[in-house]
Amino acid sequence: MKRVKEFVLKSKKIYAILGAGMIMCLCVLTANISYGMGQEQAAGYSAEYLNRYATISLAYADSFPNEPYENALAYAEKDCNIAVGK
């Protein structure tokens, strides 16, 4: 009975260590997948397009403070698409 009790107590520590290791692996995989998806999304646009998009959206939001920010983003997207010929 004493050996069984010692085994159960030792196995709790092992399961805790294994559980922490699995959680770390899951976090690393999630971060890696999220980073990869972000890189794929950003890879479709040039630096000039992104700079222009940011500048126009901020200028529009500053010029029309009562308009929702979504309108500024939509306007910037339309302007940038026209600039690149989409």
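What you see is a predicted model; the values in this text were computed from it and never measured.
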- Message: Nearest 0.5 Å, please: how far is CG in L50 from OG1 in T55?
- Response: 10.5 Å
- To the nearest 0.5 Å, atom CD1 of I82 lies from atom CD of E77 at 11.0 Å
- Task: Output yes when a side-chain donor or acceptor of N32 lies under 3.5 Å from a complementary backbone atom of V28, and no otherwise.
- Result: no
- Task: Could you check if a side-chain atom of R52 sits within less than 4.5 angstrom of a side-chain atom of D79, using non-hydrogen atoms only?
- Result: yes
Which donor-acceptor pairs under 3.5 Å do side chains of residues 63-70 form with protein atoms, sequence neighbours excluded?
unit_1	atom_1	unit_2	atom_2	d
S63	OG	A59	O	2.9
E67	OE1	N71	ND2	2.6

- What are the two closest heavy atoms between C80 and I56, and how far apart are they? SG-CD1, 4.5 Å
- Message: For S57 versus A72, what's the shortest heavy-atom pair and its separation?
- Response: O-CB, 3.5 Å
- Is atom OH of Y75 surrounded by more than 12 heavy atoms (other residues, nucleotides or ligands) closer than 6.0 Å? no
